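Worksheet for the structure shown next.
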Amino acid sequence: MNTEKVFFAFFIVLALTLNFGFFIGDVDVIEHHNVYELFAALVISLIATMLKLGDRTHMGAVLLATSLVADLQLICAAVIWGFVTHTNENGIEPGTVASIVSLSGGALLANILSVILLIVETVMVRR
Amino acid sequence: MNGINYVAFLVLRRLRTPLILLIVVYSTCILGYVLIPGEDPDGNPHYLSFFDAFYFVSFMGSTIGFGEVPYEFTYAQRFWTMGAMYSTVISWLYSIGSVFAIFRDEAFLRLIKRTKFRYTVKALREPFYLVCGYGLTGSMVVNRLVARGVNCVVIDIDQERIEALELENLAMDVPSLCADARDPQSLNDAGIEHPACVGVLCLTNVDHVNLSVSIASKLLKPKRPVISRTETQEYARNLESFGTDQVMYPFDIFAEYLNMAIHNPFRHLVHDWLISPAHRAVAAEKPKRGTWIICGYGRFGRSLKAYFDQHDDVQTVIIEPEPARYEELGEDEVIISGLGTEAETLLEAGLKDAVGIIAGTADDANNLSMIMTARDLKPKLITVARQNNRSNHSVFAAAKIDMIMDPSSIIANHILALIKSPQLIEFLNEVRDQEESLCEQVLLQLNELVGDAELDSWAVTINETNSPAIYERLIHGEEIPIATLYQHPLERERPLKCKALMVKRHNKCILIPEDGFNLKNDDQILLCGLRGSSYWIYWTLENNNVLSYILKGTENAPGYLWRKLKGMRQ
C-alpha cells in the first residue's frame, strides 16, 4: 500500500463530494448553497493539487491539471461571492448565485474527471 | 532524463509539505474567524465574512498588521488571533526555510552543476577532446592542449581533482564533470556522441575504466580516434583487439626509448627532441653497451628485458626479491634474489663490471636508494630510475639521475605528439628502420634551426582548402619546390626557421626531402622548427600574391583591370 496514494485518493474524493454537496440545489437560491461547504471544497481541492506537485508520471501530470482547473473555478466562485457581498448594496442577487453555482459546477466536472482518472489508474495497476 | 525538468520536479516535490502546511494553517485560521462571533460598535453580534477573514489573515500572517477590521475584536477573537499569529509565522518560516534548504542541498546543487555541464558541452561548436581522468597525466595533457588552443571536456570521479581543475586558471574554459566515466549517461553528457568530439583520451588510473570508455567510444563512432593508457599488458592487448587507435603502455614505451638510447643514440635524440620539445637529453658520452642491472622484474623489468634481448651486445642481470616473478625465465639468465638496495646484493650482481643500473621497482624510496648505493660503489655508472609518484619529482631531479622514467609525462608527451600531427608518429616509426647516419643528419639540421629554443612540429596538406595558392599553381602545371615554404613572406631572402621532415605522398613517406623536391597536390608535409614560423607558412600557402612574390620576387597585380593594364604595357 502506498501511503501517498491513500492520501491523494482521500483528498480528491473529498474535494469531489464537498463540491457536489455545494453544487446541488436550485441554481439561483442562495439558501441551497452553503458558504462553508464552498470554503471546505476550495481548501481540500488546493491540498489535493499540492499533493500532485512534482509527480513525474503522465497520470500525475494530468491529475495536476484537472485539479488546477477545479481550484481555478472554485477560487473564481469564492472571489465573486466575496466581492459581491461586500460591494453590492442589495447584497447577493439570484443572478450572482447562479454564476457562483455554475462555476462550482465546472469545478465539479473537473473533480469528476480527476476521480475517473484515479479509478483508471487504480484498475490498471493489477497488484 | 531531462535535466531542467528533473530539477523543477525535485523542487516541487520538496515544496509539497510546506505548501500544504500553509494551506491548512491559513484555512483553519480563516474558518476560526468566520465562526467566532464579534461585535459591531453598537454591540450587535457580527460575524466576519470569508472575505474579511481572508483579508485579516493575509496581512496578519505576513506580519504587516493593519489592525483589527472591520470592527474592533472581541476577546474571543483576540484569543484566536494569538494562536493564528504564531502558527502562520512559524509555517512561513518553515516554508521559507525549506526553500533555502533545497538550494543548499548537495544533491540539488550536483544536479544543477550536471545540467549546466551538459548544456555547456552541447553548446560547444569547435572540435574538442573528451579526457577521462584528470590525474597527473590528464592534467598535463589538458594543460598543454589548452595552451595550443584545443578545447577539452574532462570527466573525473574525484571531486578534489575537478576542483583542482577549476583552480588551475586555464586560458580556456574546460567543462568538467565529477562522475564515473563508466556510466554511459555521464559519457553522454560529456559529449561522447557530440559531432564536434574529435577524440577520446582515456587516462584514468584504472585500466578497466579506460577499457569501458574505449569500447563505448568505438561502438558509438568507430572512426573517431581513441587513445588509452594502460598499466598492464593484458589490458593493452585487450584494447588493441577492438581497434583502439593508440594504446599507451608506458613501460613498453620507455623500454623502447631506453633501448634506442643504447643502440641508436642519434635516433634517440631525434625522437626525444621531437616528442618532448622543451626537454633536451644530452647524449651522455658514456659507453652504453655491456651489462645492465635491472632491479625489479615486474611489468617494467619485463618490457626492458624483452627489448634488451633483441641485441647480443647487451647482457642483463636481474635483481628481484620474489621468486614467483622470475620463474618463467630460462636457466641461463643471471638472477640475483634480493631487493638491490644493499651494496652486497649489487656487488653480487656484478656492479663493478656493469655499465648501467635500472631501478625499476614500484617503490620510489627503494629506487632512489638503489641509485645512490650503486653510484657510491661505481661513480661512472649510467643510472636510470623509475619515478612512480609525481610528487617525488624534486627528489629525483636532485639525485642527478641520467634518465628518469616518469609514466605520466611519457604518456602526456606521446599523446600530445599524436594530437599535434599524426604524421609525427609516422615519421618516428619510419625513422626506426633507417640508418643512424640519417638521424645524425636530422639532428644537425634541427640544431641549426632552433638551437636552444623550443622545437615545434606541425603538418600541412597541399589541397584546395588548406593551401589554395599552391594548389592553383600546381593545377596549372607549375613546379613549386618545397624550399618555397622555407622563405619568409615579407623578405624572401630571409629563411624561415623551419624544415620539412617528411612528405607523405600516396601512402609513401619521403624522409628529409631535398630543397629542390617538387610539391604535388595532396602531399602531406610534416614540418618542424620554431613555433612562430608556422604562422608565416600559412601566408605562403593561402595568399597568391605572397606566393608569387616568393617565387618571382614581384607581386601579382591584384585586380583584373590592373592585370590587363600591366599586360598592355609589357
Side-chain angles (χ1 to χ4, degrees), chain A residues 3-8 10-12 14-15 18 22 30 33-61 63-65 67-68 70-71 74-88 91-92 96 100 104, chain B residues 1-37 40 46-59 61 69-71 84 87-88 91 94-95 98-99 101-102 105 107-108 111:
Chain A
T3 328
E4 193 185 324
K5 289 240 185 320
V6 176
F7 262 92
F8 180 69
F10 171 77
F11 278 104
I12 203 81
L14 189 59
L18 286 169
F22 175 78
I30 190 74
H33 305 286
N34 191 321
V35 68
Y36 295 103
E37 213 160 9
L38 177 61
F39 174 71
L42 177 54
V43 170
I44 299 299
S45 178
L46 280 174
I47 292 178
T49 312
M50 294 309 146
L51 284 172
K52 276 293 128 185
L53 277 189
D55 191 328
R56 297 180 60 217
T57 58
H58 181 70
M59 194 60 94
L63 280 170
L64 180 65
S67 63
L68 274 175
D71 292 346
L74 289 174
I75 288 171
C76 285
V79 165
I80 289 173
W81 194 326
F83 188 76
V84 170
T85 356
H86 289 276
T87 52
N88 199 338
I92 207 149
T96 324
I100 291 168
S104 80
Chain B
M1 137 177 79
N2 191 330
I4 280 289
N5 267 344
Y6 189 74
V7 173
F9 276 119
L10 192 80
V11 173
L12 288 176
R13 190 172 268 270
R14 297 273 176 88
L15 282 178
R16 266 185 200 174
T17 328
L19 284 176
I20 289 177
L21 180 76
L22 275 177
I23 291 172
V24 170
V25 168
Y26 264 58
S27 53
T28 319
C29 292
I30 292 171
L31 193 64
Y33 283 115
V34 173
L35 293 176
I36 297 167
D40 63 10
H46 170 265
Y47 285 89
L48 260 66
S49 71
F50 271 108
F51 173 77
D52 286 333
F54 184 58
Y55 180 59
F56 181 76
V57 171
S58 297
F59 66 64
V69 287
Y71 309 119
S87 52
T88 47
S91 52
Y94 169 70
S95 310
S98 32
V99 171
I102 294 172
D105 186 72
F108 178 76
L111 206 61

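Values in this document were obtained by computation on a predicted structure and should not be read as measured data. Chain naming here is simple, since letters A, B, ... match the order of the sequence lines and numbering starts at 1 in each.
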Item to check | Shortest non-hydrogen contact between A/Lys52 and B/Arg16, atoms and distance | outcome: C-NH2, 4.1 Å
Item to check | Heavy-atom neighbours of B/Phe54 CZ exceed 12 at 6.0 Å | outcome: no
Next on the checklist: How long is the straight-line distance from CG of A/Leu51 back to CD1 of B/Ile20, given to the nearest 0.5 Å?
Outcome noted: 4.0 Å
Checklist entry - If we only count heavy atoms from C-beta on, is the A/Met50 to B/Ile23 side-chain gap below 4.5 Å? => result yes
Next on the checklist: Using 0.5 Å steps for rounding, measure from the CD1 atom of A/Ile47 to the CG atom of B/Leu22.
Outcome noted: 11.0 Å
Checklist entry - Where along residues 24-34 of chain B does a heavy atom come under 4.5 Å of chain A, listed by residue number? => result B/Val24, B/Ser27, B/Ile30, B/Leu31, B/Val34
Checklist outcome for this item: Heaviest contributor of heavy-atom pairs below 4.5 Å to chain B, chosen from A/Leu38, A/Val79, A/Asp55, is A/Asp55
Item to check | Partner set under side chain to side chain contact (heavy atoms under 4.5 Å, CB included) for A/Ile92, not counting sequence neighbours | outcome: A/Ile30, A/Trp81, A/Val84, A/Thr96, A/Val97, A/Ile100
Checklist entry - Residues two or more places apart in sequence or in another chain: which of them pass ring pair (Phe, Tyr, Trp, His ring centres under 6.0 Å) with B/Tyr47? => result none
Checklist entry - Can you say whether A/Phe83 sits under 4.5 Å from chain B via the side chain, the backbone, both, or neither, judging by heavy atoms? => result neither
Item to check | Partners passing ring pair (Phe, Tyr, Trp, His ring centres under 6.0 Å) against B/Phe51 (at least two apart in sequence or in another chain) | outcome: A/His86
Item to check | Residue pair B/Leu35, A/Tyr36: steps toward the side chain to side chain contact (heavy atoms under 4.5 Å, CB included) verdict | outcome: CA-CA 10 Å; B/Leu35 293 176; A/Tyr36 295 103; 3.4 Å; yes
Next on the checklist: With a sphere of 6.0 Å drawn around CZ of B/Phe59, does it hold more than 12 non-hydrogen atoms of other residues, nucleotides or ligands?
Outcome noted: yes
